[in-house]
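Read the structure below first, then the notes.
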Amino acid sequence: MRIFGVIFIAAATLWPVYWFGGLAGQHDAGALFSQYLGSASLILMGINQFLATRIKGLETFFGSLDRIYVLHKWIAVIAIAALGLHDIIDAEMDGIRGGALSGIAEDIGEVSLYGLLILGFASVITFIPYHLWKWTHRFIGVFFAMGAFHFFFIEKPFQNAERLGLYVSAFCLLGLASYLYMILLRPMLPVGHAYVVKAIRHVGTVTEITLTPKGRGMRHKAGQFAFLQLAQSGLGEEHPFTLSSAPAEDGSLRFSIKDLGDFTRRLGQNLDEGGDATVTGPFGHFTLPSGRDPQVWIGAGIGVTPFIAFAESLKTRETGPVTLYYCVREESDAFFAEELRQLAADVPAFELVLLSSANGERLTADIIAAKAAADLGRTHVYFCGPKAMRSALRTELISKGLRGSRFHFEEFEMRSGIGLRKLANWLLDRGLSELARRREQRAQPGE
């Protein structure tokens, strides 16, 4: 993500401290801090509603959309934590009276708090089905609107027309406008590009869909992703998928979608040729660099899809040596091996290395570094696959001389948790260890 976008969000959230500081000598410090936490939470949620719009220009300022989704998640976590503290720390101040609606605003604020806590918690529990999560996620905007109402009419040590009040109100209005745009305006606008399902091919557990444009179509770069919506019963949900083809002269697009859940399973079973589709995008900055520096591509499982598009694009551009490590569990899982072998035959600079863990073949940083040799410092490494594998390879490659800025990756999961499962496992392990230790103590002689 772009650092100046993160700095902007941090500055926007901290700026009210200046005005609250001016009130410090006039009111209880704890109550003022609670008021600030409530205001900061609204500022963050207003920004988050704006980030959810996916309007043009967001990627320029905040970074690629996959990183924006990560940013969106952590902003929400911080905002809800601040809101929880605001509720715990008493914000009432002596000598301040609210208006006629202050009592109602207090009650609505409580509803907003618990609604946001429940939906926020549900958002980071990744085993909740996508369609259910997405449906309930829409109500976050409703509870945010309640929180804004609470702010406008609750008793506080400043007026809405003062600088502090106007500042926080501006972010409330930004969030409300963004929510109304997503719920009411966006569905009526021609946001996406119209396509027709031209061909469907099933390769193992992967469904390959080729689309042809009805009009001009969408212009994209190899490696980018887009949101796909199909006009067919049971397939109307909008989902993001990587484009597995380089830009084509006829404007056609290809998606290679693995059966990983309810929607992708229905898609593989029920999609028919000739149906309409809407594609929105493109998004993402996971694209090839210019120049002739060596490149290493690492695609694990279905993570190979952007590299198919990369390899196709090599036919029309000059490049330095490129090595693709295609990592699968079984050789039979390498659904795109033949296509990639043909591309390797057509492009002399492109080499395919297929690794099967079932055959004891595992990709390590030593293998990559040995092949790159002295060129590792100039090499661009592109990775798409599981996070644990990515973290391990990145750390080891940097220790061997790879520049950190040259390790490029795409967030493989746009909806991710915050480590609750790891925390639960850690607590369970600690609990079991402590239980075993106490049993051992009781079993010792003399105990």
Side-chain angles (χ1 to χ4, degrees), residues 12-13 16-17 19-20 23-24 26-50 52 72 75-125 128 132-184:
T13 309
V17 171
W19 288 308
F20 275 103
L23 300 171
Q26 308 169 38
H27 304 282
D28 177 71
L32 269 179
F33 180 60
S34 180
Q35 294 262 357
Y36 165 72
L37 288 173
S39 300
S41 179
L42 286 171
I43 291 169
L44 288 170
M45 285 189 283
I47 293 172
N48 239 11
Q49 291 289 333
F50 179 63
H72 178 88
I75 289 175
V77 170
I78 295 170
I80 291 175
L83 191 61
L85 287 173
H86 167 68
D87 183 65
I88 293 170
I89 303 172
D90 188 6
E92 292 185 7
M93 299 178 178
D94 295 335
I96 295 178
R97 291 185 178 182
L101 296 176
S102 62
I104 297 174
E106 181 72 32
D107 295 335
I108 288 178
E110 287 292 321
V111 175
S112 171
L113 167 68
Y114 294 117
L116 289 168
L117 284 174
I118 291 170
L119 293 182
F121 189 68
S123 295
V124 298
I125 302 176
I128 293 177
L132 180 60
W133 165 79
K134 188 173 183 181
W135 185 81
T136 58
H137 206 64
R138 297 175 182 175
F139 289 98
I140 284 183
V142 175
F143 291 116
F144 170 74
M146 291 181 177
F149 181 90
H150 171 80
F151 171 79
F152 291 144
F153 297 104
I154 199 67
E155 56 187 44
K156 48 187 179 287
F158 54 89
Q159 301 297 318
N160 291 332
E162 295 178 21
R163 287 179 298 176
L164 178 54
L166 290 171
Y167 183 84
V168 179
S169 297
F171 285 96
C172 290
L173 294 175
L174 173 67
L176 292 172
S178 300
Y179 177 66
L180 292 175
Y181 165 78
M182 290 294 293
I183 296 297
L184 300 177

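Here F158 pairs with F20 under the ring-ring contact (aromatic ring centres under 6.0 Å, His included) rule; sequence neighbours left out. Judged as a ring-ring contact (aromatic ring centres under 6.0 Å, His included), and not counting sequence neighbours, the contacts of F171 are Y167. Residues satisfying the ring-ring contact (aromatic ring centres under 6.0 Å, His included) test with F143, not counting sequence neighbours, are none. For A76, the side-chain contact (heavy atoms from CB on, under 4.5 Å) partners are N48, not counting sequence neighbours. In this structure I118 satisfies the side-chain contact (heavy atoms from CB on, under 4.5 Å) test with no other residue, sequence neighbours excluded. S34 meets the side-chain contact (heavy atoms from CB on, under 4.5 Å) test with H86, I89, A91; sequence neighbours excluded.
Of all heavy-atom pairs spanning I43 and P16, the tightest one is CD1-CG, 3.6 Å. For F144 against C172, the heavy-atom pair with the smallest separation is CE2-O, 3.6 Å. The shortest non-hydrogen separation linking L117 to I80 is CD2-CG2, 3.2 Å. In this structure, V168 and S39 approach most closely via the heavy-atom pair CG2-CB, 3.9 Å. Between S102 and I154 the shortest heavy-atom distance is O-CD1, 3.6 Å.
Two residues are said to be in side-chain contact when any heavy atoms from C-beta on lie closer than 4.5 Å; I104 and F149 meet this criterion. Within the 4.5 Å cutoff, side-chain heavy atoms of E92 are placed close to those of E155. Side-chain contact between L176 and Q49 is absent, with no heavy-atom pair separated by less than 4.5 Å. In this structure, L119 and H137 have side chains that are not in contact, with every pair of non-hydrogen atoms separated by 4.5 Å or more. Using a 4.5 Å cut-off on side-chain heavy atoms (C-beta onward), Q26 and P157 make no contact. The closest side-chain heavy-atom distance from Y179 to I140 is not below 4.5 Å. Using a 4.5 Å heavy-atom cutoff, the side chains of M93 and Q35 are in contact.
Atoms CE and CD1, on M146 and I108 in that order, are 6.5 Å from each other to the nearest 0.5 Å. Put simply, CG on L42 and CG on L174 are 12.0 Å apart, with the number rounded to the nearest 0.5 Å. Atom CG of L83 is separated from atom CD1 of I88 by 10.0 Å, given to the nearest 0.5 angstrom.
Annotation: side chain to side chain donor-acceptor pair (under 3.5 Å) contacts involving residues 108-121, sequence neighbours excluded, are absent.
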Donor-acceptor list for residues 159-166 side chains, cut-off 3.5 Å, not counting sequence neighbours:
{"unit_1": "N160", "atom_1": "OD1", "unit_2": "K156", "atom_2": "NZ", "d": "3.0"}
{"unit_1": "N160", "atom_1": "ND2", "unit_2": "F152", "atom_2": "O", "d": "2.7"}
{"unit_1": "E162", "atom_1": "OE2", "unit_2": "Q159", "atom_2": "N", "d": "3.3"}

Under the criterion side-chain contact (heavy atoms from CB on, under 4.5 Å), I'd like the reasoning laid out for Y36 against T13: C-alpha separation, chi angles, the key distance, then a yes or no. CA-CA 10 Å; Y36 165 72; T13 309; 4.1 Å; yes
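Proximity of a side-chain donor or acceptor of S41 to a complementary backbone N or O of L37 within less than 3.5 Å is not detected.
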